[in-house]
J.: 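After the structure tokens below, expect a handful of questions from me.
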Amino acid sequence: MEALELTSNKETKTVKQMSGAQAVVHSLIAEGVDLIFGYPGGAIMPVYDALYDYENELNHVLVRHEQGATHAAQGYARASGKVGVCIATSGPGATNLITGIADAQIDSTPMVCITGQVASHLLGTDAFQETDVIGISMPVTKWNYQVTKASEIPGAIAKAFYIARTGKPGPVLIDITKDAQFETLEFSYKPFKGMRSYVTCPSLNLSKIKEAASLINTAKRPLVLFGQGVILSGAESEFRRFIEKAGLPSAWTIMGLSALDSDHYLNVGMLGMHGNYAPNKLTNECDVLIAVGMRFDDRVTGDLSRYAKQAKVIHLEIDPAEVDKNVKADVAVLGDAKASLKALYDLIEEKEHKDWLEKFRKLEFEEYTEVIHQELNPNGNDLTMGEVVDSINEYSKGKAIVVTDVGQHQMVSCRYAKFKQTRSLITSGGLGTMGFCLPAAIGAKFATPNREVIAIIGDGGFQMTIQELGTIFQTKTPVKIVVLNNEFLGMVRQWQELFFDKRYASTTMVNPDFQQIVKGYEIKTKKVTQREQLNSAVKEMLEFEGAYFLEVRVGKENNVFPMVPTGASVSEIRLK
């Protein structure tokens, strides 16, 4: 076999008589991939055999469940901005990826998934471990493709990475039959350059930019809503300059959290069901609503028939399918957020909107008095989730990456965690996947070894992917794990209390001794049950060099407020 020049994202010399499995490995290296999360099996075994010879170029992390591979790849992608890669075998291996793929699709996470498949002559015969993963994954991927010939492998992988990372990012899946992995080909790799049917980013319409600037310049009560699009486009500095010049109060979706420093004077808090009081209430009082890189999710809007009807709506969005889908835009600015914000900056006028900002401050004080002060300084003996997050803030100084699972602790973490740099909050937003946090934190730590990564998990979600403690044990990944244990499926229990007459159907958790389980994986562990133990335990955890597990017993029936009840208007947000 001829020598191969492996230069990231560049063409390679032709290599004669390489197997399809080897072509997979060489294609990944050519794309600059240096880390894969996966789990081997029969239909993908040839690729694993090829990986054996490239351990120095490609680090493979053996997870304990294929779902863990997808979430780890998501965490890696979200923390680094690169494409996450995971690999699995056919049948149950492939189907176990689907939840993570769906999560990546709705949260716009770039990911390439490679699955093995039964030999091509067995397709459609219900062969051992055969499933139609192309049909199953089609609704939750940006693109998928089944390879049955070795010669297709380099081109398919090149196209997969291009589609995953460009435009609105998302997951792709390449399914490769076993005979294609054994078959030989003459290998060469050419990065994919694009295709006519796939427009990665709409061209800026300058007339729309002028219309948007005119509305912003004449606004008396403007409000910006920003989402993950700011982060995905790398537009954090452009966004900050834009809002500072025009004096625009700005509220974030949970996926947009950390794009703007938590203590920025124009940061007015979180939108949505458990968001902050002021931005929710004043959505229905603003005169111009400027949405940047967000999709008007139902958890943000509440009752659409009563959402911002008084406002002119400007929508900056890369995906035309998101415009007018939920909220009608008066001015739609299609394009990359970074380019759109740059163009707008030159046309907007310098403003302060002091009186309008003062309205936010008054409502912020009301929320602090009624909710925040009691959450962070409770009168009772029970620890609150907010206290724990606040203690983490004290010692992390806003520099850590916080990864959350889904539930009450997620909303509390988003509400109270403080950040000073972007890509610092990683969570399952659109799909709300319990079990996301632990493997995602592993992926985030691999992506950013020099940043502290703190996984904040509820006792329910922790047990959904608890087996990934084995991945931490084997790889010695120094993640910090905080389990907030209230012995309930807390968010469901809260809804049962408020809307189902406290009929706690199947939400009580009888948990095992987490301390004993974690000790079995040789991870440093501590349990906090009293308030006076908390700060020293958090300090010890963050100063410890290796992985650390901190279990904190919190109040069993504490609730997360404010809250917009299902079907209510955002202006009907409840403080208690």
J.: Specify whether Phe239 and Phe226 have parallel, tilted or perpendicular ring planes, treating 30° as the upper limit for parallel and 60° as the lower limit for perpendicular.
T.: tilted

J.: With rounding to the nearest 0.5 Å, note down the distance linking CD1 in Ile314 to CG in Leu225.
T.: 11.0 Å

J.: Shortest non-hydrogen contact from Asn276 to Ile573?
T.: O-CD1, 4.0 Å

J.: Passes side chain to side chain donor-acceptor pair (under 3.5 Å), Thr253 versus Asp297? Steps please.
T.: CA-CA 9 Å; Thr253 70; Asp297 177 79; over 6 Å; no

J.: Determine whether Asn558 and Thr384 satisfy the following criterion, side chain to side chain donor-acceptor pair (under 3.5 Å), listing intermediate values before the conclusion.
T.: CA-CA 7 Å; Asn558 292 345; Thr384 68; 5.8 Å; no

J.: With a 4.5 Å limit on heavy-atom distance, are the side chains of Trp252 and Leu260 in contact?
T.: no

J.: Apply the test side chain to side chain donor-acceptor pair (under 3.5 Å) to residues Asn535 and Glu394: give CA-CA distance (whole Å), side-chain angles for both, the deciding distance (0.1 Å), then the verdict.
T.: CA-CA 9 Å; Asn535 287 339; Glu394 177 70 23; over 6 Å; no

J.: Does Gln310 use its side chain to pair, donor to acceptor, with the backbone of Thr283 at less than 3.5 Å?
T.: yes

J.: Under the criterion side chain to side chain donor-acceptor pair (under 3.5 Å), I'd like the reasoning laid out for His264 against Glu244: C-alpha separation, chi angles, the key distance, then a yes or no.
T.: CA-CA 10 Å; His264 193 282; Glu244 287 175 349; 2.7 Å; yes

J.: Atom CD1 of Ile348 and atom CD1 of Ile216: how far apart are they, to the nearest 0.5 Å?
T.: 6.0 Å

J.: Going by heavy atoms in the side chains, are Asn326 and Leu304 under 4.5 Å from each other?
T.: yes

J.: Please confirm whether Lys245 makes a cation-pi placement over Tyr345, using NZ or CZ under 6.0 Å from the six-membered ring centre and within 45° of the ring normal.
T.: yes

J.: Indicate yes or no for a side-chain donor-acceptor contact from Lys142 to the backbone of Ile163 under 3.5 Å, with no hydrogens or angles considered.
T.: yes

J.: With a cut-off of 6.0 Å (strictly less than), are more than 12 heavy atoms of other residues, nucleotides or ligands near NZ of Lys420?
T.: no

J.: Quick one: does Leu232's side chain get under 4.5 Å of Ser108's, heavy atoms only?
T.: yes

J.: Output the distance between atom CG (Leu271) and atom CZ (Phe296), rounded to the nearest 0.5 Å.
T.: 9.5 Å

J.: Looking at every heavy atom in both Glu375 and Gly386, which two are closest together, and how far apart are they?
T.: OE2-N, 2.7 Å

J.: As a quick check of understanding, evaluate side chain to side chain contact (heavy atoms under 4.5 Å, CB included) for Lys159 and Trp143, giving each step before the final call.
T.: CA-CA 9 Å; Lys159 188 174 181 179; Trp143 179 70; 3.6 Å; yes

J.: Return the minimal non-hydrogen interatomic distance between Leu204 and Gly335, and the atom names on each side.
T.: CD2-CA, 4.5 Å

J.: Under 3.5 Å, is there a donor-acceptor pair linking the side chains of Ser571 and Arg306?
T.: no

J.: Side chains of Asp303 and Ser305: donor-acceptor distance under 3.5 Å anywhere?
T.: yes

J.: Ignoring hydrogens, what is the shortest heavy-atom contact between Leu215 and Val288? Give both atom names and the distance.
T.: O-CG2, 3.7 Å

J.: So do the side chains of Thr99 and Thr433 get within less than 4.5 Å of each other, counting heavy atoms only?
T.: yes

J.: Is any side-chain heavy atom of Glu367 less than 4.5 Å from a side-chain heavy atom of Lys281?
T.: no

J.: Atom CZ of Arg221 and atom CG of Leu289: how far apart are they, to the nearest 0.5 Å?
T.: 12.0 Å

J.: Nearest 0.5 Å, please: how far is CG in Leu257 from OG in Ser413?
T.: 10.0 Å

J.: Quick check: do Thr566 and Met273 have side-chain heavy atoms less than 4.5 Å from each other?
T.: yes

J.: If I compare all heavy atoms of Tyr76 with all of Val83, which pair ends up nearest, and what's the gap?
T.: CE2-O, 3.9 Å

J.: Rounded to the nearest 0.5 Å, what separates atom CG in Asp287 from atom NZ in Lys312?
T.: 10.5 Å

J.: Can you tell if the side chain of Phe360 reaches within under 4.5 Å of the side chain of His353, non-hydrogen atoms only?
T.: no

J.: Going by heavy atoms in the side chains, are Val268 and Arg361 under 4.5 Å from each other?
T.: yes

J.: Side chains of Glu452 and Ser396 only: does a donor on one sit below 3.5 Å from an acceptor on the other?
T.: no

J.: Within the distance-only criterion (no hydrogens, no angle test), does the side chain of Asp103 pair as donor or acceptor with the backbone N or O of Leu431 below 3.5 angstrom?
T.: no

